[in-house]
There are 2 protein chains.
Amino acid sequence: MRLTRDQVVAGGLDLLDEVGLDGLTMRRLAASLGVQNGATYWHFSSKQALLEAMADRMLADVAAGLDAGLPWDGRIVETARRLRRALLSRRDGARLFSGVFFPLPNALAYGETMIGVLRDAGLGARDAVWAVDALTYYVVGHAAEEQLAAAVPEAAADRLTAALDPERHPHMLAAADDLAAPHPEEHFTYGLELLIEGIRGKIRQL
Amino acid sequence: MRLTRDQVVAGGLDLLDEVGLDGLTMRRLAASLGVQNGATYWHFSSKQALLEAMADRMLADVAAGLDAGLPWDGRIVETARRLRRALLSRRDGARLFSGVFFPLPNALAYGETMIGVLRDAGLGARDAVWAVDALTYYVVGHAAEEQLAAAVPEAAADRLTAALDPERHPHMLAAADDLAAPHPEEHFTYGLELLIEGIRGKIRQL
DNA sequence: ACCTGAACACCGTTCAAGT
DNA sequence: ACCTGAACACCGTTCAAGT
């Protein structure tokens, strides 16, 4: 059976879950597909091109079928959540996405949806784009940090507490339980609401 | 003259400006320091350890001497700007920082300062930490995108306009001039204000 | 204490040659 | 059209041996 482009992408995503982004090599991928080393280069001109295809595949359903009955802020929350879920669906998914240049089909669909919601809410073109940029940086940054913390199981927590000094970091020590973020969903929602509240302010000023 | 740890870090940062994060190799660094390949490993146990030291050095003055006379929102803006400037001070500085695990001295000082400002403003421990997390994801994400766009000079713009379809991306096309972000400072301030406005909302609820 | 020299086990990418 | 086999030019890391 010959290899298809889709199989290479799917194999890449499966391998990503197995070995993480740093362990993902073209040679391992070829091996896991039962093929020789150079074979994948017939389907993708470079590793970067493959990573882009993988990133976009990961975002497949982010912008599909958004409930038009929701108010604008509900639609923003829903779409941000979908992006978040997509990024978290694969190991190192957020890092994979942020290492890739933006204009990919599903990423564009996400952006277009988000901007559309804010324009419906009354924002001008520039405000809408810039607000979506802020939302996106937040969602991606949050997911990346969450996956980074998950990747460094115990060493992370130990190293953090070791680095914190009661003299110089009283505030961080006082919030140590919330720093380690054992409540990622609540944590995510908190920052998302901050941004949405800021957008509400902009809409009020219209 | 023998090599010092500091010289290795400084050489790493200079090389970063020259060749970018992807071009930064231990071998090139050794060559630029006029030393043999393995020599840097006496000063740093791994490339990752060196990258961490470089990232922290980059953040050296972010938390020093903040004007206590400013209102809380002015202090947040000032500190966020300093982090931004530090990240932009070196090529791929934002990507360097986000690839490194958080608890480094200057990064901790930054976090402590930010949390302190929000606690002064009246927020509880958890709210303050979570709000600072949101601010930091935003600052780093914004700087990373800005440096990524700067790294792909013209190909980026071309590829974006080529990918945009009037049928499917009317909103993005309508905002094309603001998408390419020829106004990075204004763009940065816009999103930062969104978050600060959200924090104002939290403080009002107290 | 600090560095050299040389090796080990990998990489991404290319490309003639096969089928 | 799609893949193999083999090579090229690199990597990070280790470590005996030198000074």
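Letters A, B, ... are given to chains in the order of the sequence lines, protein chains preceding strands, and every chain is numbered from 1.
- Using a 4.0 Å cutoff on non-hydrogen atoms, no part of residues 8-16 of chain B comes near DNA chain C.
- Between B:His142 and the options A:Tyr138, A:Trp130, A:Tyr137, a ring pair (Phe, Tyr, Trp, His ring centres under 6.0 Å) holds for only A:Tyr137.
- In this structure, B:Asp127 does not pair ionically with B:Arg119, as no charged nitrogen and carboxylate oxygen lie closer than 4.0 Å.
- Classification of A:Arg90 and A:Asp14 as a salt-bridged pair holds, one side-chain N sitting under 4.0 Å from a carboxylate O.
- Put simply, CZ on B:Phe44 is 13 Å from P on C:dC2, counting in whole angstrom units.
- Classification of A:Asp22 and A:Arg95 as a salt-bridged pair holds, one side-chain N sitting under 4.0 Å from a carboxylate O.
- Contact annotation: the side chain of B:Glu146 never approaches that of B:Phe188 to less than 4.5 Å [non-hydrogen atoms, C-beta and beyond].
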Please encode protein proximity along nucleotides 5-19 of chain D as a string of B, S and -, counting only heavy-atom distances under 4.0 Å.
S-B---BBBB-----
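- Annotation: C:dC2 and D:dA16 have their C1' atoms spaced 15 Å apart (nearest Å).
- We find that B:Asp61 and B:Arg82 are not joined by a salt bridge, their nearest charged nitrogen and carboxylate oxygen being 4.0 Å or further apart.
- OP1 or OP2 of D:dC3 has at least one side-chain nitrogen or oxygen of A:His43 nearer than 4.0 Å.
- The partner of D:dG5 is C:dC15, by the rule that a Watson-Crick or G-U pair needs both atom distances under 3.5 Å.
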